[in-house]
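This report refers to the structure that appears directly beneath it.
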Amino acid sequence: MRLTVLGCAGSFPGPESACSAYLVEAEGFRLLIDFGSGSLSALQRYAGLHSIDAILLTHLHCDHMLDACTYVVVRRYAPDGPYPPLPVYAPAGAPERIATAYSADEGSVEDVYTFYGLQPGSFPIGPFTVTVDQVNHPVETYGVRLEHGGRSLVYSSDTAPCEALLRLAQGADLFLCEASYLDAVENPPDLHLTGREAGEIATKAGVGKLLLTHLVAAWGSESLTHEEATSTFAGPVEIVRPGARYDV
């Protein structure tokens, strides 16, 4: 598998990055996990406008799905279109949310997307075995485990500490984990992780490498987040950047 980071800013686009969007490839198949604000630009830069074969949206906050609305234009109105409906795996309410955000007056987007509702369990998408479980966030949100060729990649999505994420991350070769908060401030409960908490989960799960994402540039600190994570996880730790690629 190859992971390409299209966007990694937390909660809203930062000065150097779009919001969450991660492209995972294997055997020529391209799965886009999340499609956050601004990431359609990065998709064109690092992959291609029509390069994706399926989309998985972990939850319906704007920083994880809003460019799926903009992408309607690409598939519906392209000069060589319309394109066939693209599979979208998402929480309940995704068809209505995307259609309303795109245009409250134009109705359904099911000519553009074929929707499949997420629920805890395992299923195939292209060459991947995908396992999702609901994590600890205010809206219906899923952490994701991808397996292919004996290797595993786990993505936390947005979550506070929870047993579901620990289960998903067990023995993962690569653990892409949010670290939105710093320990030095009082953080809202049941919302996000700190770097320290991400490191603790990585240690308990026995992962191979920890990638930190979803940092909020406006009030976070990359250096402190990295320091917190390395204080609780002895393995390799890296803060991701747009355009970064990782072979799993």
Side-chain angles (χ1 to χ4, degrees), residues 1-9 12-13 17-119 121-132 139-142 144 146 148 153 155 157-158 242-243 245:
M1 292 182 285
R2 168 168 284 188
L3 165 68
T4 302
V5 178
L6 302 183
C8 53
F12 49 86
S17 178
C19 288
S20 296
Y22 308 95
L23 188 67
V24 186
E25 303 172 65
E27 298 183 20
F29 188 95
R30 288 176 163 176
L31 171 64
L32 181 62
I33 302 179
D34 285 342
F35 208 168
S37 317
S39 61
L40 180 55
S41 175
L43 176 66
Q44 296 170 77
R45 182 178 306 119
Y46 299 117
L49 192 59
H50 303 291
S51 62
I52 53 179
D53 298 295
I55 299 171
L56 191 156
L57 301 176
T58 62
H59 64 295
L60 300 182
H61 279 157
C62 290
D63 62 320
H64 290 257
M65 55 69 65
L66 195 59
D67 275 20
C69 308
T70 313
Y71 198 53
V72 169
V73 175
V74 173
R75 300 193 69 84
R76 180 184 283 168
Y77 296 118
D80 59 344
Y83 284 80
L86 190 68
V88 175
Y89 302 79
E96 297 78 13
R97 179 67 182 275
I98 293 172
T100 301
Y102 171 67
S103 172
D105 299 322
E106 292 187 42
S108 170
V109 293
E110 298 200 31
D111 61 316
V112 176
Y113 299 125
T114 299
F115 290 95
Y116 300 90
L118 289 177
Q119 57 184 358
S122 298
F123 53 93
I125 301 179
F128 304 107
T129 298
V130 181
T131 302
V132 300
V139 300
E140 182 183 358
T141 304
Y142 292 90
V144 181
L146 299 182
H148 175 73
L153 163 64
Y155 169 46
S157 187
D158 287 6
R245 287 191 165 100

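What you see below is based on every heavy atom in this structure, not just the backbone, and it leaves out hydrogens, waters and symmetry mates. The residues of the chain are indexed from 1 along the displayed sequence.
- The aromatic rings of Tyr116 and Tyr89 lie parallel to each other, with less than 30° between the two planes, well short of the 60° mark.
- Atoms CG and CD1, from Leu86 and Ile52 in turn, are 5.5 Å apart once rounded to the nearest 0.5 Å.
- Under the 6.0 Å cut-off for aromatic ring centres, His50 and Tyr83 qualify, their centroids lying closer than that.
- Partners of Glu110 by salt bridge (charged side-chain N to carboxylate O under 4.0 Å, His left out), not counting sequence neighbours: none found.
- Each of Glu140, Met65, Gln119 was evaluated against Pro91; a single residue qualifies, Glu140, per the side-chain contact (heavy atoms from CB on, under 4.5 Å) test.
- The salt bridge (Lys or Arg N to Asp or Glu O under 4.0 Å) contacts involving residues 77-105 comprise nothing, where partners must be two or more places apart or lie in separate chains.
- Looking only at side-chain heavy atoms (C-beta outward), Ile33 and Thr58 come within less than 4.5 Å of each other.
- Side-chain contact between Phe128 and Leu153 is absent, with no heavy atoms from C-beta onward closer than 4.5 Å.
- Between Ile98 and Tyr113 there is a side-chain heavy-atom pair separated by less than 4.5 Å.
- Looking only at side-chain heavy atoms (C-beta outward), Cys19 and His64 stay at 4.5 Å or farther from each other.
- With values rounded to the nearest 0.5 angstrom, Phe35 atom CZ is found 5.5 Å from Leu43 atom CG.
- In this view, His148 satisfies the ring pair (Phe, Tyr, Trp, His ring centres under 6.0 Å) rule with no residue, not counting sequence neighbours.
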For residues 2-9, run the donor-acceptor check on the side chains, cut-off 3.5 Å, and write out each pair with its distance to 0.1 Å, sequence neighbours left out.
unit_1, atom_1, unit_2, atom_2, d
Arg2, NE, Asp247, OD1, 2.8
Arg2, NH2, Asp247, OD1, 3.4
Arg2, NH2, Asp247, OD2, 3.3
Thr4, OG1, Arg245, NE, 3.1

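- Qualifying salt bridge (charged side-chain N to carboxylate O under 4.0 Å, His left out) partners for Arg45, counting only residues two or more places apart in sequence or in other chains: none.
- Partners of Arg30 under the salt bridge (charged side-chain N to carboxylate O under 4.0 Å, His left out) rule, at least two apart in sequence or in another chain, are Glu25.
- Between the NE2 atom of His61 and the OG atom of Ser37 there is a distance of 11.5 Å, given to the nearest 0.5 Å.
- We find the CG-CG distance between Leu31 and Leu146 to be 6.0 Å, quoted to the nearest 0.5 Å.
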